[in-house]
Amino acid sequence: GYIVSQLSGKTLSEYLNETFFKPLGMENTGLYETNIVLDNEAQGYSMNGASVKKADFQEMSWTLGVGSIYSTTIDLYKWNEAIFNGKVVSNATLKTAFKQAILNSGSKADYGFGWFLSTNRGLKFIQHSGGVSGFSAYLERQRENNLTVCVLFNTLPTPKGLSPILNGQAISEFI
């Protein structure tokens, strides 16, 4: 985020909005700022056994992108469609991003440049998950089926036996 700001001469929020979010029609995506009140903003929660409480507020604007982006399932679907249809980066860049990294030991990692790579029932999955105080997420793509699965939870930790990853993978099983 810092490097993008320095090279573009814009704040990271301005750059992302002008370059990606607005052109892709991502109307409910941006960088969180403490002085902005969002319409329909989700409240984060945490679980402790059967007990539910509001998650502790965590100021994330200092992260310059990592953990400070807010979005919706619809906007993340738009993002994924743009990624996989050449509207964000070239096919050559995607091919590099989805190539398994080679570790210093010479072994291959199940990770490309920013994406986890896996195979299940002969299908290739490109995915990532994440979480921050009171929120957790999972985004997956099956290129062979042109399928995107996006699951957002407004809990972290999540209820026992549930998670965006497990729910996303269960959804994929039925497609």
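Given the structure is predicted, the values throughout are model-derived calculations rather than measurements.
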Main-chain N/O of Thr11 paired with Glu14 side-chain donor or acceptor, under 3.5 Å: yes

Would you find a donor on one side and an acceptor on the other, under 3.5 Å apart, between the side chain of Asn154 and the backbone of Gln43? yes

Let me confirm one number: the CZ-OG distance from Phe21 to Ser13, rounded to the nearest 0.5 Å. 8.0 Å

As a quick check of understanding, evaluate side-chain contact (heavy atoms from CB on, under 4.5 Å) for Trp79 and Val88, giving each step before the final call. CA-CA 9 Å; Trp79 174 255; Val88 176; 3.8 Å; yes

Return the set of residues passing side-chain contact (heavy atoms from CB on, under 4.5 Å) with Lys124 (not counting sequence neighbours), or none when no residue passes. Thr119, Glu144

With hydrophobic residues grouped by side-chain heavy-atom distances under 4.5 Å, do Phe20 and Ile69 end up in a single group? yes

Leu152 reachable from Leu166 in the ILVMFWY side-chain graph, under 4.5 Å edges: no

To the nearest 0.5 Å, tell me how far Lys78 NZ sits from Leu24 CG. 9.0 Å

Mark yes when over 12 heavy atoms from residues, nucleotides or ligands other than Ile74 sit less than 6.0 Å from its CD1; otherwise mark no. no

Report yes or no: does Asn80 contribute a side-chain atom to a donor-acceptor pair with the main-chain N or O of Leu76 at less than 3.5 Å? no

Any pair with a residue in residues 82-94 that passes side chain to side chain donor-acceptor pair (under 3.5 Å), sequence neighbours left out, goes on the list, sorted by first then second residue, please. Glu81-Asn85, Ser90-Thr93

Between Asp75 and Tyr77, is a side-chain contact (heavy atoms from CB on, under 4.5 Å) present by the stated rule, with each step listed? CA-CA 5 Å; Asp75 276 7; Tyr77 173 78; over 6 Å; no

Over all atoms of both residues, closest heavy-atom pair of Ser172 and Val149: OG-CG2, 3.7 Å

Write down the atom of Leu123, the atom of Phe125, and the distance for their closest heavy-atom approach. O-CD1, 3.4 Å

Out of curiosity, Asn40 CG to Asn28 CG, how far, rounded to the nearest 0.5 Å? 8.0 Å

Enumerate donor-acceptor pairs with a distance under 3.5 Å from any side-chain N or O in residues 132-139 to protein atoms, sequence neighbours excluded.
{"unit_1": "Ser133", "atom_1": "OG", "unit_2": "Asp56", "atom_2": "O", "d": "2.7"}
{"unit_1": "Ser136", "atom_1": "OG", "unit_2": "Thr155", "atom_2": "O", "d": "3.0"}
{"unit_1": "Tyr138", "atom_1": "OH", "unit_2": "Gln127", "atom_2": "OE1", "d": "3.1"}
{"unit_1": "Tyr138", "atom_1": "OH", "unit_2": "Glu140", "atom_2": "OE1", "d": "2.5"}

Nearest heavy-atom contact between Thr29 and Ser71 is OG1-OG, 2.7 Å

Going by heavy atoms in the side chains, are Ser118 and Asp110 under 4.5 Å from each other? no

Residues in side-chain contact (heavy atoms from CB on, under 4.5 Å) with Thr19, at least two apart? Tyr15

Taking CD1 in Ile3 as the centre, count heavy atoms belonging to other residues, nucleotides or ligands within less than 6.0 Å. Is the count above 12? no

Please round to the nearest 0.5 Å and tell me the distance separating atom SG of Cys150 and atom CD1 of Ile171. 9.5 Å

Using only atom types and a distance under 3.5 Å, with no angle test, would you say the side chain of Ser51 pairs donor to acceptor with the backbone of Met47? no

Separation between CD1 (Ile165) and OG (Ser129), nearest 0.5 Å, reads 3.5 Å

Is any side-chain heavy atom of Pro164 closer than 4.5 Å to one of Thr158? yes

According to the ring-ring contact (aromatic ring centres under 6.0 Å, His included) rule, which pairs have a member within residues 94-123, sequence neighbours left out? Phe84-Phe98, Phe98-Trp115, Tyr111-Phe116, Phe116-His128

Does any non-hydrogen side-chain atom of Thr72 lie less than 4.5 Å from one of Glu27? no

Results of side-chain contact (heavy atoms from CB on, under 4.5 Å) for Gln6 - residues two or more places apart only: Tyr2

Please say yes or no: joined through hydrophobic side-chain contacts below 4.5 Å, possibly via intermediate residues, are Tyr45 and Leu38 part of one cluster? no

